[in-house]
Amino acid sequence: MRNVTLMICTLSVLYTHAQEYSNPKTFAKSITTQDLQKHLYIIAGNEMQGRETATEGQRKAATYIENEFKSIGLLPGNKGSYQMYFPVYADSLQKAALSVNEQPFSAGKDFSVNLADNHSASYRFSEVVFAGYGISDSAYNDYQSVNVRGKLVMVLSGDMAGNIPGDSRKSFSLYTQQDNALKNGAAALLVISKKISAPDTRSAMYVNKYHNALHINTFFINEQLAETIVGKEYTDLKTSIQTGRSGNRVYKADIALDFNKTVIPMQSSNVLGLLEGTDLKNEYVVLTAHYDHLGTKDNIIWNGADDDGSGTVTILELAEAFTKARAAGKGPRRSIVFMTVSGEEKGLWGSDYYSSHPAYPLNKTSVNLNIDMVGRIDPGRKYGDSTNYIYVIGDDKLSSDLKPISERINKKYVKMELDHKYNDPKDPERIYYRSDHYNFAKKGVPVIFYFSGLHADYHKPSDTPDKINYSLMQKRAGLVFYTAWDMANRDNMLKRDIPLN
């Protein structure tokens, strides 16, 4: 009798543990405000220097995330590596020179150039064609009856236009002028401008090294330099254009233009950790957040605690919760990819690179759950419970499965207000298009984007870890965890039955 009782007690304990391990609440408890805060004060700390893409601060953050993935037992997520590198470039100015009749002029004082738009080239012209405002369309044509093919063209900038005679427009863009010069066959362009600034010595970063077409090389010159080229009749020429009278269009002058830049190759990276699934391990749930931010400006660090340190550390806590479940024998059926991406602030670069070079097949990726800014309260949300909400975005866009599952999971475990405000196609802020989930959606992968809203510290150096609502952030992380748990363990991948608009 005694032995039978002991056996019953043992079986009862085993059954209780089995029940406990099959309940995701057990593992959700490992997502704590203390851990979120600990990680965020590091990720959004001054040592990370604002985590700008392709900088030392970004690399430090990537190393921290990689080490966390290693420490909790995630596998390398990209062909044996935790990091997926992608190329980034910037231009460095080597030379910008302009002379008229062998007289050199000064960059930053007499003329300027746009480093990003121009390409390396040298020109020697013996004349310049004045083309008014450089407009060429059905309403107004400065190129009518003048041949500029292969020639240097000079135009007045849009800020000097006022009312264009016979036309209602009062302004126009530089790109309009450049396109018109190209269409009419010009070789290079001078734009007479009221403001001349020093040329940038280094351009903004970019990822597209090759271009479908080049801009026309453009030099911005002040009015004194324009008068040197044209002569004393420059004032009359400008007046004639502004009053609709025609004037002399071709001016003799020996003009030399030289522009040279070099390309600086750099790189950035996404950080990937893999938790391998069981019977459905060749299907995937991808959890993402971007870990880059805006770096430093004028020696001020832009820490980016909410944007998107909050999402980054949530990924770390989700990864830990799922690895604890696996250690308890309750690993996910599908493989889960935990990925923090960089380049989001530059134009969703990291997620775009992944979607074009996926480490795991996108047609086998059931869902992407993306987390970007989940640590604050939206001051503009004047309805509902501001202490218990999350914006859920994209759940109605690609799969009819997704929204019902999301709402069921929330009702069962978290009971937050799920705000679908930003699902509105007429959303003026176009939030659906502004984070990394969008690059998955473009490829047909169902997505949910979790977001707590914009605030006064958005994209400012005042976005610091002390302003985060950690208890609310923990609850939001719990919603993502329970949703991912369901996605990773359900029998079927999500349907893809709603066409991408």
Side-chain angles (χ1 to χ4, degrees), residues 96 98 100 105 107 110-119 121 123-197 199-200 211-253 255-257 259:
L98 186 157
V100 179
F105 289 85
D110 304 306
F111 75 92
S112 187
V113 292
N114 186 314
L115 177 57
D117 285 351
N118 281 8
H119 56 274
Y123 306 90
R124 300 294 181 268
F125 298 101
S126 62
E127 63 181 26
V128 59
V129 180
F130 183 66
Y133 297 116
I135 295 174
S136 178
D137 56 33
S138 59
Y140 187 92
N141 189 1
D142 281 312
Y143 288 92
Q144 187 174 3
S145 302
V146 60
N147 177 21
V148 300
R149 188 162 300 280
K151 298 184 178 183
L152 175 63
V153 168
M154 181 168 64
V155 299
L156 295 169
S157 66
D159 62 5
M160 299 175 71
N163 288 311
I164 298 173
D167 192 81
S168 61
R169 80 192 92 187
K170 294 184 179 181
S171 64
F172 41 87
S173 74
L174 168 65
Y175 292 112
T176 296
Q177 294 175 306
Q178 290 175 320
D179 286 345
N180 289 335
L182 270 176
K183 288 174 183 176
N184 283 277
L189 183 66
L190 300 178
V191 177
I192 305 167
S193 180
K194 291 181 178 179
K195 296 180 181 179
I196 299 297
S197 58
D200 292 328
H211 307 280
N212 294 331
L214 294 175
H215 290 290
I216 188 171
N217 270 6
T218 303
F219 283 62
F220 302 90
I221 64 173
N222 62 21
E223 291 196 274
Q224 291 74 28
L225 181 47
E227 188 171 356
T228 299
I229 296 170
V230 171
K232 294 181 179 179
E233 62 184 277
Y234 169 69
T235 301
D236 290 339
L237 175 66
K238 184 173 67 169
T239 302
S240 71
I241 292 297
Q242 292 173 335
T243 58
R245 292 184 287 112
S246 62
N248 187 19
R249 294 295 186 95
V250 180
Y251 296 89
K252 295 293 183 179
I255 301 175
L257 305 174
F259 179 83

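FYI, the numbering just counts along the sequence from 1. In this text, all values refer to a predicted model and were calculated from it rather than measured experimentally.
A donor-acceptor contact shorter than 3.5 Å is absent between the side chain of Asn217 and the backbone of Asn118. Proximity of a side-chain donor or acceptor of Gln177 to a complementary backbone N or O of Leu156 within less than 3.5 Å is detected.
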Problem set entry | Chi angles and distances behind the side chain to side chain contact (heavy atoms under 4.5 Å, CB included) call for Ile221, Met154 | CA-CA 9 Å; Ile221 64 173; Met154 181 168 64; 3.9 Å; yes

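To the nearest 0.5 Å, atom CD of residue Gln144 and atom CD1 of residue Ile135 are 13.5 Å apart. Considering OG1 of Thr228 and CZ of Phe105, their distance stands at 4.0 Å, rounded to 0.5 Å. Taking CG of Leu98 as the reference point, atom OG of Ser112 lies at 11.0 Å (rounded to 0.5 Å). Atom-to-atom distance recorded for Asp137:CG and Asp142:CG is 9.5 Å, nearest 0.5 angstrom. Note that the CZ atom of Arg149 and the OH atom of Tyr143 stand 11.5 Å from one another [nearest 0.5 Å].
The heavy-atom pair separating Ala107 from Ala96 by the smallest distance is CB-O, 4.2 Å. The heavy-atom pair separating Val153 from Ala131 by the smallest distance is CG1-CB, 3.8 Å. For the residue pair Asn114 and Asp117, the shortest heavy atom distance occurs at OD1-N, 3.2 Å.
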Pairs under 3.5 angstrom only: tabulate donor-acceptor contacts from the side chains of residues 182-194 to other protein residues two or more places apart or in another chain.
| from | atom 1 | to | atom 2 | distance (Å) |
| --- | --- | --- | --- | --- |
| Asn184 | ND2 | Asn180 | O | 2.8 |
| Ser193 | OG | Lys195 | N | 3.3 |
| Ser193 | OG | Lys195 | O | 3.1 |

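A tilted orientation is assigned to the rings of Tyr175 and His215, their planes being inclined by 30° to 60°.
With respect to Phe220, the side-chain contact (heavy atoms from CB on, under 4.5 Å) criterion is satisfied by exactly one of Val113, Ile196, Leu225: Ile196. Screening Tyr251, Phe219, Phe125 for a side-chain contact (heavy atoms from CB on, under 4.5 Å) with Leu152, the sole residue that qualifies is Phe125.
In this structure, the salt bridge (Lys or Arg N to Asp or Glu O under 4.0 Å) partners of Lys252, at least two apart in sequence or on a different chain, are Glu127. Listed by chain and residue number, Glu223 satisfy the side-chain hydrogen bond (donor to acceptor under 3.5 Å, both in side chains) test with Tyr234 (two or more places apart in sequence, or in another chain).
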